Chemist: 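Supplied in structure tokens, the structure appears directly below.
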Amino acid sequence: MANTIKKIGLLTSGGDGPGMNAAIRSIVRYALHYGVEVSGIMRGYQGLLEEDIIPMNHRSVSNIINKGGTILKTARSKDFSTDEGKVKAAEILRKKKIDGLIVIGGDGSYRGASRLFELQGIPTIGLPGTIDNDLNGTDQTIGCSTAINTALETIDKIRDTAQSMERVFVVEVMGNKSGYIAMQVALAAGAEDVIIPERKFDYEAMHQAIIEGNMKGKISWIIVVAEGAAKAQVVSETITKETGLETRYVVLGHVQRGGVPSGQDRILSTRLGAAAVDLLLNGYYGKAVGVLQDEINVIDLKDATRRDHAHMDAYYDLLKILT
Ligand code: F6P
């Protein structure tokens, strides 16, 4: 097929994640290698509507592979979420002679890219950029590995004080609809329990286990909570009330979104960036690109916006066996 893509637009959208810059670098340099121009669109779909668009060259992406955040900045755009917003966005892309759009973002960003393709015929490709790891068609999303490492580093420190002061700690991690980070972090931190949105949680059983453990001489606990499942403060206060043990809570929050991207995130981003350009140049539009079992995997954007992790129950059972 003759390549009709001469200029690619590139944006990051929604919550940022470590590794997005590595993806930007890969897309820019890979596209330039094949003689395709790249326009960087600032602040996601909002910047597109405001025509905040810059030309990018080899040097624009120097020294960013190891940086968290996104040099293109990001936003959650209310204006773009309307049908009129999408019409206007498509008009601007045509006016700027941008033939294809690569969107790095999560489920909301994917829905936008999918609609731009379906309603307006804009050739779009999605790269999974979210710490939540809640998109279909990829084993991991960009930023998730680093976010898990960041949370773990902090929980390891919390463990020191929990043990020294003989306390229960409840640690809230990110994940509004997805308990993936919470489950992985709980397993890797050796936590005693984990509360996630995908599983009904038996609070009474947890309180009972803490009381019984304490009677046998256990002195400290780490309970991990996904933000979408419960509030750490409430869980912590209830534990104190039901067990009589001193409890503290920590909300890790946005610290999980920043920092130096892990090797895994950089490699994933670098591979996906090049694959996204390949797709556009070969006439595949409205697609989400991921890596499944170490192979590049491509599915329709509209099928990529949701993911239910199959192994949450198995992970939980393992965690409970090991505590
Ligand atoms: O989508 C990524 C994420 O970090 C979620 O885990 C979290 O619920 C949300 O973004 C927080 O969004 P904001 O930065 O807009 O508060």
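Just so you know, residue 1 is the first one in the sequence shown, and it goes up from there. Being a predicted model, the structure only gives us computed values, none of them experimental. The analysis underlying the following values was restricted to heavy atoms, covering all of them including side chains, and did not include hydrogens, waters or symmetry mates. All ligand and atom numbering here is 1-based and tracks the order in the structure.
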Chemist: Using a distance-only test with no angle check, is there a side-chain donor-acceptor pair under 3.5 angstrom linking T130 and T141?
Modeler: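 Per modelled atom types, T130 and T141 side chains form no pair under 3.5 Å.
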
Chemist: With sequence neighbours left out, what residues match Y110 under ring pair (Phe, Tyr, Trp, His ring centres under 6.0 Å)?
Modeler: none

Chemist: Non-hydrogen atoms closer than 4.0 Å to ligand 1: which protein residues do they belong to? List them by chain and number, please.
Modeler: R76, T130, I131, D132, M174, G175, N176, E227, H254, R257

Chemist: Could you check whether atom NZ of K7 has more than 12 heavy atoms from other residues, nucleotides or ligands sitting under 6.0 Å from it?
Modeler: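 Yes - once you tally the heavy atoms of other residues, nucleotides and ligands closer than 6.0 Å, there are more than 12.
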
Chemist: Should the ring pair H311 and Y315 be called parallel, tilted or perpendicular, given that the plane angle runs from 0 to 90° and is split at 30 and 60?
Modeler: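 Perpendicular, since the angle between the ring planes exceeds 60°.
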
Chemist: Give the ring-plane orientation class for Y45 versus F80, where under 30° counts as parallel, over 60° as perpendicular and anything between as tilted.
Modeler: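 Parallel: the ring planes of Y45 and F80 meet at under 30°.
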
Chemist: Judged by atom type as modelled, is there a donor-acceptor pair below 3.5 Å linking the side chain of T124 to the main-chain atoms of A113?
Modeler: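 Yes; at least one donor-acceptor contact below 3.5 Å.
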
